[in-house]
Colleague: 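Structure below; questions to follow.
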Amino acid sequence: MSKMNILLVDDEDIVRNSLSILLSRMNCNVIAAKNAEEALTEYQQYEFDLVLTDFKMPEIDGLELLKKIRGIDDQAIVVMMTAYGSIENAVAAMRAGAFDYLTKPCSVGLMEVTLDKVRRYKDMRDQNKHYLQQLTEQFGFGNIIGKSRKMQEIYGLIQTVADTNSTILITGESGTGKELIANAIHYNSHRKNKPFIKLHCAALSEGVLESELFGHEKGSFTGAIRDRKGRFELADKGTLFLDEVASIPMATQVKLLRVLQEGEFERVGGIDTKKVDVRLIGATHRDLAEMVAEGTFREDLYYRLHVIEIKLPPLKERQEDISMLIEHFLDHYCEQNNKERKVFSDAAMSLLIDYEWPGNVRQLENVIERSVVLSRDTRTITTEFLPEELKRVQSKNEIFREDRTLKEMVDRYEKEIILNVLNERHWNRSDAARVMGLNRTTLYEKMRKYGIQIPDQAR
Ligand SMILES: Nc1ncnc2c1ncn2[C@@H]1O[C@H](COP(=O)(O)OP(=O)(O)OP(=O)(O)O)[C@@H](O)[C@H]1O
Ligand SMILES: [Mg+2]
C-alpha cells in the first residue's frame, strides 16, 4: 500500500513531535506545521491525503483552518483533534465538513482506526472517479459519431447548454440518437455524479405513469403495498430523461408543468408536498407544435419543455456521416463477435451509402451487426449479406437511370415486380399469376420476354 501523506498541524511542540513519530511508524509521510498559516502554505505546495489538525490554536484556530482548506479544495479530508470533553467543538468541526474527529490525547489504536477509515474512503472515491470517467468517456462526445455540419452544430449546442439547468427538448425521427444526446448532456453537466434517471412515457397508462413519475403512498391504490419514490425524487440533484413526452396524457401534463415551474409535487395518494431539484430532458419523435395546434398537448407545457430544442437530423440529411458510422459499427461488432476486422465490398458500400435509412442510425447499426454475424468468417462482406430492402433500392436506381427511355424503364420495372412476386410466392406460378391479375399463359410469356429463369430448386 502506498504511503499516506499527512499534514499535521499543532501549536505544541511535544504533540507535533510525538504524533510525527507515531504516524511515521504507521507508514505515513508527515509534514508538521505549528500554526494555520504555515499549514496553508504547505497545503498549497504539496498534495496531502489527510490534514490532521488541532482545534485550539492561537490566532487562526482549527475550525477556521478547516474552512479555509475546504475552500481551496472541497474534496480535502480533514480530521480534527479536540480536547477531551469539548464535544461541541467536535460537532462544529463535523458541521463544517471535517471527515472525523479525535479526542486528545490520541491513542494509537484510535489513530490506526481513523487512518484506515480515511484509506478506505479514498479508495472508494478513486474507484467512483474511475467509473465516472468510464461513463463520461462512454457517453461524452467521443461516442457520438459524425462530422457533418449539422452534427457539429449539435455538438456546439450541447456544449453551450449542458452545464446549465435549462430544460431541453430533443426531437428527431426514431433512431437518430436522441437518447445518446441526452446521455452526453448529463455527463457533460455539473450533475454528472448525481443520478441520471430515465423513463419511457409511451405504453404506460395514466395511473402507472403518474406513480412512476411522482411515486405513491402505501394504500393509495390496490397493489400499492408500500410507499414508493417516483423518478422525480430519485433524480433529485441530477437529471431526469423523459422519453416520448408526446404520449403523456393531458391530466399528467398539468402535474408535470407544476414540477417544472415550482419544482414541487405530491406523491399519488400523498398530501406532503415534495421539493426537488431536477434537470429535465424530454425527447420525442413527434411534432409537439402540431399536437398543440390539434389540442392534444398543452401549450404551456410545450413552451416550458421547448426552452431549448435540439433537432436531430435524419441520417439521410447527413449522408457524409454514413461511412464514418459504418467504420465505427464495424469496429465495434467485429470486436464484440471476436472476428478479425471485416470490410464491405465496394458494391455493398455503395448500397449502404445510397440507402435512405428510414430507421436512421439504429437501422444502420442493426444492418451492420447482422452482416458481421451472417458473413461468418468471410473477411469481405458482399451484398448478399445485406437485407432485401437495401437491394431493392439498388434495382430501383438501376431501373430509373437517366439514359433510359420510358418504355425501357417500364419494362425493367415490370420485370422487377414479377421477380419479386415469384420470389414471395416461392415460384408457384399459378399463385403469382393470380396475385398479379394475369393468366398463367401471359405470365409465362412475360417471363420468356424478360429472360426470367425458374431456379432449379423451384422446378
Ligand atoms: N451519432 C451517433 N453516433 C453513434 N451512434 C449513434 C449515433 N446516433 C445514434 N446512435 C446509436 O443508434 C442507436 C439508436 O440511438 P438512440 O436510442 O439514441 O435513438 P433515439 O433517437 O432515442 O431513437 P427512438 O426514437 O427510437 O427511441 C443507439 O444504439 C445509438 O448508440
Ligand atoms: Mg430513444
Colleague: Should the pair Lys117-Asp100 be classified as a salt bridge under the 4.0 Å nitrogen-to-oxygen rule?
Modeller: yes

Colleague: Can you check whether Asp354's main-chain N or O pairs, donor with acceptor, with Lys316's side chain at less than 3.5 Å?
Modeller: no

Colleague: Under 4.0 Å between a Lys/Arg side-chain N and an Asp/Glu carboxylate O for Arg16 and Glu12?
Modeller: no

Colleague: Could you walk me through whether Lys342 and Ser375 satisfy the side-chain hydrogen bond (donor to acceptor under 3.5 Å, both in side chains) test, starting with their C-alpha distance in whole Å, then the side-chain angles of each, then the deciding distance to 0.1 Å, before giving a yes or no?
Modeller: CA-CA 9 Å; Lys342 294 172 181 256; Ser375 58; 2.9 Å; yes

Colleague: State whether the side chain of Ser86 and the backbone N or O of Thr82 hold a donor-acceptor pair below 3.5 Å, judged by distance alone.
Modeller: no

Colleague: What do the steps show when you test Lys147 against Glu320 for salt bridge (charged side-chain N to carboxylate O under 4.0 Å, His left out), and what is the final call?
Modeller: CA-CA 8 Å; Lys147 280 201 178 137; Glu320 64 266 46; over 6 Å; no

Colleague: Establish, yes or no, whether a centroid distance under 6.0 Å links the rings of Tyr302 and Phe297.
Modeller: no

Colleague: Using atom types as modelled, flag every donor-acceptor pair under 3.5 Å from a side chain in residues 219-229 to any protein atom, sequence neighbours excluded.
Modeller:
from, atom 1, to, atom 2, distance (Å)
Ser220, OG, Glu217, O, 2.7
Asp227, OD1, Lys218, N, 2.7

Colleague: Does the Asn337 side chain pair with the main chain of Lys339, one donor and one acceptor, at a distance under 3.5 Å?
Modeller: no

Colleague: Answer with yes or no whether the side chains of Glu244 and His285 bring together a donor and an acceptor at under 3.5 Å.
Modeller: yes

Colleague: Is Gln253 reaching over with its side chain to a backbone N or O of Ile248, donor-acceptor style, under 3.5 angstrom?
Modeller: yes

Colleague: Keeping Arg231 on the side-chain end and Lys198 on the backbone end, is there a donor-acceptor pair under 3.5 Å?
Modeller: yes

Colleague: Enumerate donor-acceptor pairs with a distance under 3.5 Å from any side-chain N or O in residues 157-169 to protein atoms, sequence neighbours excluded.
Modeller:
from, atom 1, to, atom 2, distance (Å)
Thr160, OG1, Gly156, O, 2.7
Asp163, OD1, His190, N, 2.7
Asp163, OD1, His190, ND1, 2.8
Thr164, OG1, Val161, O, 2.7
Thr164, OG1, Ser166, N, 3.3
Thr164, OG1, Ser166, OG, 3.3
Thr164, OG1, Arg279, NH2, 3.4
Asn165, OD1, Arg191, NE, 3.2
Asn165, OD1, Arg191, NH2, 2.9

Colleague: Does the side chain of Tyr43 pick up a donor-acceptor pair with the side chain of Asp73 at under 3.5 Å?
Modeller: yes

Colleague: Output yes when Asp54 and Lys104 qualify as a salt bridge under the 4.0 Å nitrogen-oxygen rule, no when they do not.
Modeller: yes

Colleague: Side chains of Asp11 and Asn35: donor-acceptor distance under 3.5 Å anywhere?
Modeller: no

Colleague: Spell out, as yes or no, whether a donor-acceptor pair under 3.5 Å connects the side chain of Thr378 to the backbone of Ile381.
Modeller: no

Colleague: For Leu213 versus Leu242, what's the shortest heavy-atom pair and its separation?
Modeller: CD2-CD2, 3.7 Å

Colleague: Could you tell me the separation between the CG atom of Asp321 and the CD1 atom of Ile353, rounded to the nearest 0.5 Å?
Modeller: 11.0 Å

Colleague: So, Tyr333 versus Glu365: side-chain donor-acceptor pair below 3.5 Å or not?
Modeller: yes

Colleague: Any side-chain donor-acceptor pair under 3.5 Å between Lys391 and Thr383?
Modeller: no

Colleague: What I'd like to find out is whether the side chain of Val78 reaches to under 4.5 Å of the side chain of Ile69, using heavy atoms alone.
Modeller: yes

Colleague: Return yes if some donor-acceptor pair links the side-chain N/O of Tyr155 with the main-chain N/O of Ile144 below 3.5 Å, else return no.
Modeller: yes

Colleague: Give, for atom CG of Asn143 and atom CD1 of Ile145, the distance between the pair rounded to the nearest 0.5 Å.
Modeller: 6.5 Å

Colleague: Test Thr252 against every option in Leu204, Leu257, Leu209 by the side chain to side chain contact (heavy atoms under 4.5 Å, CB included) rule and name the one that passes.
Modeller: Leu209

Colleague: Check for a donor-acceptor pair, side chain of Asp74 on one end and backbone N or O of Arg70 on the other, with a separation under 3.5 Å.
Modeller: no

Colleague: Consider salt bridge (Lys or Arg N to Asp or Glu O under 4.0 Å). Of Arg258, Lys274, Lys275, which one does Glu266 pass it with?
Modeller: Arg258

